[in-house]
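Heads up: the structure comes next, in structure tokens.
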Amino acid sequence: MDIRKEFSSFDPRCENSVTKLHDICNWDQLDDVAIEYHDLQENIYIQYRELHVTKNIISDYLKSLRNTEFIGIDYDIPEYCVIPLIVGILNSEHSFVNLPSSTTESMNLKYDLNIQYLFCKNVNIKGEVVYQFTVHSECIYLIKLKNVKKQVTGSDEQNSYAYAISTSGSTGTPKTVRVLHSCIVPNILDLSRILSITKFDKVCQFTNFTFDPSVIEIFLALSKAARLFMVSKDLKNNPNRLLREAYSSQITVLQVTPSVFMYNWPSECLRTTILSNNTSLRVILFGGEPFPKLELFSQARQPCNTTKIYNIYGITEVSCWASITEVELTNEQSDPHYLGQVLSGTLFQVRNEIGEVITKGVGSLYIGSDQRICLMNDEDIKDLELPVFRDSGDLVSIDGEGRIFYKGRRNNIVKRFGNKVDLTEIERSVLQIDFIKSCYVIWDHNCHRLHLCFSAKDRTSIGNDQNLGTEIMRRLNKLDPLYRPDKIHFLDHVELTSSSKISLDFLQKQVTKDVDNVDFQRIESTFKSIWENNLQRGNSSFIKLGGTSVVALQLSNAMSDMLQMEFPRLISMLLTDASIDESLSYIKGVVLSRNDNFYNTGEKPSTTIITIEDTDISRDFHTNEQDDNSNISSSEIYNCRWYKCRGQLYTNACSINEKHELQYDEITRVKVIKKYDTEKCVDASPTVFHYSDGKTYATVGSHSGLIFTFELGSDFNSAFRIKLPDRIESSVLVLDDFRGVVGCYDCNIYCLNLKTGETIWVHRTGNVVKGSAVLCNEKGILFIGSYDCYIYCLSVKDGSEVWKLKSGNGSIYATGCLHYPSDTVLFGTLDGSCLALQQSTGKLVWKYKLSDPIFVAPLWLNGGLVLFCSVTGLLCCFDIEVNVKMWTYKINGNVFSYLVKQIDTAREHETVIITSQNKSVYCLQSEDTNFKTEPTLKYVLNFHSPIFATPWCEDNFLLIACTDGTLNIYDFKKNRLMKIEELPGKVFSSPVIDRDNVIIGCRDNYIYVLELI
């Protein structure tokens, strides 16, 4: 959208058509005071007559200088002497530049602009004194500098510029800006008209000369023969005295940044001075920073104060102001974020992310003109195509009426845990708190930490820092968890830049004081070593380099072991396709947080899962690779009575009378009685199943694509081997007649004969399948999720699709769960969604969103309640039939193992067992019979290694497999924990116990059958 207001039809490239800055000065009131200067010791008054004479003396001499464009004014010259120098330089048809106190910045300007001559107060600069002026009783020297570069600007291009200035870098990299007369003059004339400036006004000149609004202040006064109120640097550094001087001197126009206004002057002082009922101050212009909170003015002004307040907006690249709006404090409809009407010769254009101009919505603001032109660095005006647009770096929104509203800096939108976060939204939320005066949100890119810095209106009335932090967090807790800071800093004072803006360098120093005390080099070296050893080479992110949940767990465990602390978000970040740099930044942030004394902000925010890119993997594969000892006919019909997997027993028959208890009161050791080589890692959990012929079998898949199925018995002779084309991590769902359903990394769901390898049916999904299928035997359908974010309902008979549903952007990692009371199937997703879907139709019956990914199946409790657990260990219990969250319980560690439900037969109460990556096992016990109230912690078992596998509970024994390969058995009767066996590789497969046998997979490529003794 272009918003245009014409000033005139002149071309800035035609010098003779331009009204120049010095031409608009009004010399009709020579006896009036032009400059009123206040120092701590004295006041100086300079009439227009003296100013006129002095500028002519300076101008007459400078006209003799040839082959130079810009003449510098050093920062050490007294403020009231700068004005005649500026006007004198302009009158001589040269251009001025006020040099900053920074040596580096000053040198850069001298070089960029080829400054050969410099006005200074003290002769301590390398160069030749060519003239000595007396300026308002001060001795000012004109120096010809040495070691400047050769003049390259042609004479026909000279005299086009009014001045040059350096940007602060707030809109990007600092730039040297050359400002044409045609750019700045319309600003002066517009504001003079809008603010009704007359010769009776007293305009404050508080802005540093290296900040372009100072030009506005100077020439607003000079163009109307008004009085310019100036103060010394010493007086600026005494804000209370400055305020009293300004008030007693009866200033009428004040241009100021919000930072100066808020931090220099307390509300009670403003109420009794420049914002009192009898003040002379007509106008306050706020610019250079976002408009301050309106409540500050209500408290800082007396009820009958009539001072008008304006919000003025612009960028140095289109010097100086671009739009203005009056903010009416008594009008509730007045929005300080409204940019108002554009000023003369100015164009506003809003573009979307791909650069298209938009007329409604949110986009980036570009400010341009075909008249108001500034040149950046080495640009040549002859090479520019009109109109010229400059990127403001700001986000804005356009409403239906075409009004444009400021939303914040574009670089205030950062990526936190894979999500875009607008820092401005945090600031706005905090500013709604009554006692907050100002706040700033700082994003530490190196450590990926979010810092909130704030100051209070009246700290003594609020209480201590902890009370302040508590109130702020109460407010922030209403926001998405992404917006909660990692650390809160109370600011007793702030530092401002030379442009009177809040110093970002100062804020950065406040939030990074503790970085140097951490050995980040060692952390990076260790993490990168593990990353490179387990992933493909390249500069891509975790998933794209072949990362899996197992590798993510290895990385997290290695960091935890090395630093002796938990990194609860690391695995989630990796599985959202985080890069190595993003992962390291998070680790650094957690390490730095360990010893921080800051307000506890609760849970860190969640991540949005980015699904793995779909790849077209060949569907060709080989099956029917049976062992020679296969001797079972495929024509026999077997009914599956029950199967066990991941800590649970599933019944396919109406009733089961069999009961197989362990034969030992005490288990002292285990013995390996059989193992099968699967050629690659076995991370999948075995399924043990029992048929109507009385025989029991186990089946498990491998990373090699092999599926082994074998009979559990005295000789273990019957073993069957079939092969799929890609990795298998899911458990096999066993049906009647040796049919097994399993998901594969080749994106397919297979129904196979587990003996012969015959493919009964195949169903193609859009991505990897890691979860197991769940069966609804009565309806003859099964449910399974895929990394393509879809949940599939398939016919058991032929694999045809009954329905599929994509409820969000979360991939499906875990198995589902049937919920019989509501006739639904439950799934948790990697974007934290908890879902209940109608079994027959797939209709979404219920949904709840957790803030973290879900890697484990939901659990149906006996009373009809359902339990979901996020990867960060947050358990949420729901009554989905009435859509009520019953309770939450937090485990301090990542959870990848499925929840195990047990019945306390003595008390007829349920218990839930959870294992965690933090090396602990938790047993939660309901106080009632069905977990309607928050559970209590019955016991915690602590181990020496993280736990990924789901435990198995049998009679009085609990079997836990740690990732280091150790099998641990907890004896409930004797309340004793025994470490029984250590397998030769890491273990992520969940053990299953049948009678006295333990079946488990290992990362040494073998499936083990162990005997409990």
Side-chain angles (χ1 to χ4, degrees), residues 168-174 259 289-290 353 362 364 391-395 406-431 436 438-455 469 472-473 475-477 479-491 494-495 497 501-516 518 520 541 567 569-570 572-573 576 578-594 596 598-608 851:
S168 64
S170 61
T171 58
T173 304
S259 292
E289 293 177 312
E353 291 184 353
V362 177
S364 297
D391 184 1
S392 71
D394 292 327
L395 283 176
Y406 176 83
K407 289 186 67 67
R409 299 290 300 155
R410 195 165 60 240
N411 59 13
N412 269 5
I413 297 180
V414 302
K415 195 172 183 181
R416 189 184 191 201
F417 301 106
N419 296 265
K420 288 185 177 180
V421 176
D422 188 351
L423 305 184
T424 307
E425 288 300 316
I426 305 176
E427 293 177 354
R428 288 178 180 171
S429 179
V430 175
L431 284 174
I436 295 295
S438 64
C439 75
Y440 308 92
V441 179
I442 302 296
W443 174 246
D444 186 340
H445 289 274
N446 292 326
C447 298
H448 276 225
R449 300 174 79 205
L450 197 62
H451 298 262
L452 174 65
C453 304
F454 76 96
S455 64
I472 290 175
M473 287 315 305
R475 173 76 61 174
L476 292 182
N477 282 336
L479 296 176
D480 187 286
L482 279 169
Y483 291 83
R484 298 173 192 170
D486 296 298
K487 188 172 182 180
I488 300 177
H489 308 260
F490 181 84
L491 300 178
V494 297
E495 294 181 5
T497 66
K501 301 179 182 179
I502 187 73
S503 171
L504 294 180
D505 288 341
F506 163 77
L507 295 177
Q508 288 286 359
K509 289 177 182 178
Q510 303 304 304
V511 304
T512 58
K513 290 178 179 178
D514 48 1
V515 174
D516 296 334
V518 182
F520 287 136
S541 47
F567 298 94
R569 297 285 169 177
L570 181 56
S572 301
M573 288 181 64
T576 64
S579 68
I580 191 169
D581 290 336
E582 290 172 335
S583 304
L584 281 168
S585 295
Y586 165 71
I587 292 169
K588 293 175 184 178
V590 175
V591 172
L592 288 175
S593 299
R594 176 167 53 180
D596 277 350
F598 60 93
Y599 309 120
N600 186 351
T601 63
E603 280 302 294
K604 287 184 171 64
S606 63
T607 58
T608 296
S851 60

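Side chains are part of it too, since the values below use all heavy atoms of this structure and drop only hydrogens, waters and symmetry mates.
- For the pair L452 and C439, the tightest heavy-atom approach, listed with the atom from each and the gap, is CD1-CB, 4.1 Å.
- Not one N or O on the side chain of E495 forms a donor-acceptor pair closer than 3.5 Å with the backbone of I502.
- Contact between Y586 and L570 at its shortest, heavy atoms only, is CE2-N, 3.4 Å.
- If you take OG on S438 and CD on E427, they are separated by 9.5 Å, rounding to the nearest 0.5 Å.
- Nearest heavy-atom pair across G408 and T424 is CA-OG1, 3.6 Å.
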Intermediate values then yes/no, side-chain contact (heavy atoms from CB on, under 4.5 Å), I413 and L395: CA-CA 10 Å; I413 297 180; L395 283 176; 3.0 Å; yes
side-chain contact (heavy atoms from CB on, under 4.5 Å) between Y440 and S259, intermediate numbers included: CA-CA 11 Å; Y440 308 92; S259 292; 3.9 Å; yes
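- Between the E582 side chain and the S579 main chain, a donor and an acceptor come within less than 3.5 Å of each other.
- Residues A578 and S541 approach most closely at O-CB, 3.6 Å, considering heavy atoms.
- One distance of note links NE2 of H489 with CG of L507; it measures 9.5 Å at 0.5 Å rounding.
- Remark: R409 engages D394 in a salt bridge, criterion side-chain N to carboxylate O under 4.0 Å.
- For the residue pair Y406 and P290, the shortest heavy atom distance occurs at OH-CG, 3.8 Å.
- Looking only at distances, a side-chain donor or acceptor of R428 sits under 3.5 Å from a matching main-chain atom of K407.
- With rounding to the nearest 0.5 Å, the separation of CD1 in I426 from CH2 in W443 is 9.5 Å.
- Considering OG of S455 and CZ of F490, their distance stands at 7.0 Å, rounded to 0.5 Å.
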